[in-house]
> 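Handing you a structure now.
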2 protein chains.
Amino acid sequence: MVSTPRNTRQRRAVAAILEDLDGFASAQEIHDLLRHRGESVGLSTVYRNLQALSDSAEIDALRNDDGETLYRQCSTGHHHHLVCRACGRTVEVAGPTVERWADSIAAEHGFVDVAHTLEIFGTCGNCAS
Amino acid sequence: MVSTPRNTRQRRAVAAILEDLDGFASAQEIHDLLRHRGESVGLSTVYRNLQALSDSAEIDALRNDDGETLYRQCSTGHHHHLVCRACGRTVEVAGPTVERWADSIAAEHGFVDVAHTLEIFGTCGNCAS
DNA sequence: CCCGCGGATGGGAACCATTGTCAAATTGAC
DNA sequence: GTCAATTTGACAATGGTTCCCATCCGCGGG
Ligand SMILES: [Zn+2]
Ligand SMILES: [Zn+2]
Ligand SMILES: [Zn+2]
Ligand SMILES: [Zn+2]
């Protein structure tokens, strides 16, 4: 019996921030943004809600080079990301060829329960100048 | 003026372990293996040597789902990995098409200084049964 | 509208991989 | 062998994230 998450002020605030952001952001960045917005939310709560949203596939998560987990509200469906290291600006990209390639490689070597990670990092035009 | 690294017992021991392993392993796992082998090396030293080897591109590094950094001595040249989550067994894979695809996507959106990460995780035949 | 259950919150402690510190040991050139 | 410079290692510190638990509050029932 799975219970529906409660509609709390904190949950709404986190969701609203994600709605407004267009790039990936860390839990701590989101926590700061909430404070500046006056909608203060405990750091633990921010982590919990982000994780819950990520688990239910409502938002995407990825790890940057520093080992931080970044979150973003993306379009639905499987896709990958072109992310600016400096500002977080993100372009969603689809690579059907890559998907098939990865699956066939794995099958070829007898691997099951297969998943893949693919992200492209760079510096966007804005940040480069 | 870059000085050549010294040929210490510890550095040799770490290199020897990497030589013998065929899958990815964490710094702590390697530290344990060294102890069991009788060639005890300080944990900090294991970390330092692995990082140095990784920086000089003599070994590959990747992060698993738990956020740990894993290391492996691979063949030279750019490639990706099919890794067993359970035992670390690894198959090196090349994907020239993916390389070109990633670069063109990035260029298309005006990103520079581009890099990509691509790993395939699964459960290998052995571990599945 | 009022109660009461159980999920949600938050502040601080705990975790844990990794990095920093620095005195002591080791290496390698001369 | 001597000596400066690098490396080591035990331990402390870091930092993102998770855990703990007393308190709070959303929400369904009465
Ligand atoms: Zn996405
Ligand atoms: Zn994909
Ligand atoms: Zn490799
Ligand atoms: Zn590649």
Side-chain angles (χ1 to χ4, degrees), chain A residues 1-18 24-56 58-72 83 85 88 119, chain B residues 1-18 24-56 58-72 83 85 88 119:
Chain A
M1 177 68 187
V2 198
S3 57
T4 310
R6 285 189 186 169
N7 178 26
T8 63
R9 171 183 69 80
Q10 293 86 340
R11 172 174 291 265
R12 268 179 271 123
V14 170
I17 283 276
L18 288 166
F24 276 88
S26 70
Q28 315 227 25
E29 282 169 350
I30 290 171
H31 179 248
D32 284 347
L33 289 171
L34 285 167
R35 304 200 104 217
H36 291 142
R37 208 178 251 211
E39 280 276 4
S40 191
V41 177
L43 183 55
S44 305
T45 302
V46 173
Y47 273 105
R48 267 190 309 247
N49 279 316
L50 288 172
Q51 200 139 58
L53 288 167
S54 174
D55 287 347
S56 62
E58 295 176 66
I59 63 177
D60 277 4
L62 64 81
R63 280 226 171 88
N64 69 8
D65 289 338
D66 300 336
E68 295 173 314
T69 304
L70 308 183
Y71 299 91
R72 178 174 189 259
V83 186
R85 282 190 205 87
E119 311 293 348
Chain B
M1 176 66 188
V2 199
S3 58
T4 310
R6 285 187 184 170
N7 177 25
T8 64
R9 172 182 70 78
Q10 293 86 340
R11 171 174 294 267
R12 268 178 273 123
V14 170
I17 284 275
L18 288 165
F24 276 88
S26 70
Q28 316 227 25
E29 282 170 350
I30 290 170
H31 179 248
D32 284 347
L33 290 170
L34 286 166
R35 305 200 103 214
H36 291 144
R37 208 179 252 210
E39 281 276 4
S40 190
V41 177
L43 183 57
S44 305
T45 302
V46 173
Y47 272 105
R48 268 189 305 248
N49 280 317
L50 287 173
Q51 199 140 56
L53 288 167
S54 174
D55 287 348
S56 62
E58 296 175 66
I59 62 177
D60 277 5
L62 63 80
R63 281 223 171 88
N64 69 9
D65 288 338
D66 300 336
E68 295 174 314
T69 303
L70 308 182
Y71 299 91
R72 178 175 189 258
V83 186
R85 282 190 204 88
E119 311 294 349

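Letters A, B, ... are given to chains in the order of the sequence lines, protein chains preceding strands, and every chain is numbered from 1. For clarity, every value in this text was computed on a predicted model and none was experimentally measured.
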> For DNA chain C, whose closest nucleotide is more 5', that of A/Asn49 or that of B/Leu70?
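The answer here is A/Asn49.
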
> Would you confirm whether A/Ser56, through its side chain, and A/Ala52, through its main-chain N or O, come within 3.5 Å as a donor-acceptor pair?
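Checked: pair present.
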
> Can any side-chain N or O of B/Asn64 pair as donor or acceptor with the backbone N or O of B/Asp66 at less than 3.5 Å?
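Checked: pair present.
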
> Would you check if B/Val41 and B/Ile30 make a side-chain contact, meaning some heavy-atom pair closer than 4.5 Å?
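Not in contact.
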
> Under 4.5 Å between any side-chain heavy atoms of A/Val83 and A/Leu62, yes or no?
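They are in contact (side-chain heavy atoms under 4.5 Å apart), so the answer is yes.
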
> Which comes earlier along DNA chain D counting from the 5' end, the contact point of A/Ala27 or that of A/Arg48, where each point is its nearest nucleotide?
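Its nearest nucleotide lies further toward 5', so the answer is A/Ala27.
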
> Give the angle between the helix axes at the two ends of the helix from C/dC1-D/dG30 to C/dC30-D/dG1, taking five base pairs at each end and rounding to 10°.
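Terminal axis comparison yields 30°.
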
> As a test of reading the structure: which of C/dT18, C/dG10, D/dT8 is closest to the side chain of B/Leu43, going by heavy atoms?
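That would be C/dT18.
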
> Would you say B/Gln10 reaches D/dT7's phosphate, i.e. side-chain N/O to OP1/OP2 under 4.0 Å?
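Answer no for this pair, as no side-chain N or O of B/Gln10 is under 4.0 Å from OP1 or OP2.
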
> Figure out the CG/P separation between A/Leu50 and D/dT17, and round it to whole Å.
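Between P of D/dT17 and CG of A/Leu50: 10 Å.
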
> Looking only at side-chain N and O atoms, does A/Tyr47 come under 4.0 Å of OP1 or OP2 in D/dT18?
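No, outside the criterion.
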
> Rounded to whole Å, please give me the gap between CG in A/Asn64 and C1' in D/dG15.
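After rounding, the gap between these two atoms is 13 Å.
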
> Measure the distance from NE2 on A/His31 to P on D/dG15 and round it to the nearest whole Å.
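After rounding, the reported distance stands at 17 Å.
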
> Pull out every protein N or O sitting under 3.5 Å from an N or O of nucleotides 28-30 of chain C, one pair per line with the distance.
residue : atom : partner : partner atom : Å
C/dG28  : OP1  : B/Asn7  : N            : 3.0

> Below 4.5 Å, heavy atoms only, C-beta onward: do B/Val14 and B/Gln10 meet side chain to side chain?
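Counting from C-beta outward, B/Val14 and B/Gln10 never come under 4.5 Å.
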
> B/Glu29 CD to C/dC16 P: how many Å, rounded?
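About 15 Å, once rounded to whole Å.
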
> Under 4.0 Å, heavy atoms only, any strand: does B/Ser26 hit a base, just the sugar-phosphate, or nothing?
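It contacts nothing in the nucleic acid.
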
> Indicate yes or no for a side-chain donor-acceptor contact from A/His31 to the backbone of A/Gly42 under 3.5 Å, with no hydrogens or angles considered.
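No, because the side chain of A/His31 does not come within donor-acceptor range (under 3.5 Å) of the backbone of A/Gly42.
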
> What pair of heavy atoms forms the shortest contact from A/Arg9 to A/Glu39, and how long is it?
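Closest pair (atom of A/Arg9, atom of A/Glu39, distance): NH1-OE1, 3.1 Å.
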
> Under 3.5 Å, is there any donor-acceptor pair linking the side chain of B/Ser44 to the base of C/dG20?
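Per atom types, the contact qualifies.
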
> Locate the shortest heavy-atom distance separating B/Arg35 from B/Ser40; write the atom from each residue and the value.
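For B/Arg35 and B/Ser40, the tightest heavy-atom pair comes out as NE-OG, 4.1 Å.
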
> Please determine whether a side-chain nitrogen or oxygen atom of B/Arg9 lies at a distance below 4.0 Å from atom OP1 or OP2 of D/dG9.
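Result: yes.
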
> Using heavy atoms to find the nearest nucleotide of DNA chain C for A/Ser40 and B/Gln28 separately, return the residue whose nucleotide is more 5′.
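Result of the comparison: A/Ser40.
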
> Base, sugar-phosphate or nothing for A/Arg63? Non-hydrogen atoms, less than 4.0 Å.
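Nothing: the residue A/Arg63, judged by heavy atoms under 4.0 Å, touches no strand.
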
> Taking it one step at a time, do A/Asp65 and A/Arg85 satisfy side chain to side chain contact (heavy atoms under 4.5 Å, CB included)?
CA-CA 9 Å; A/Asp65 289 338; A/Arg85 282 190 205 87; 4.2 Å; yes

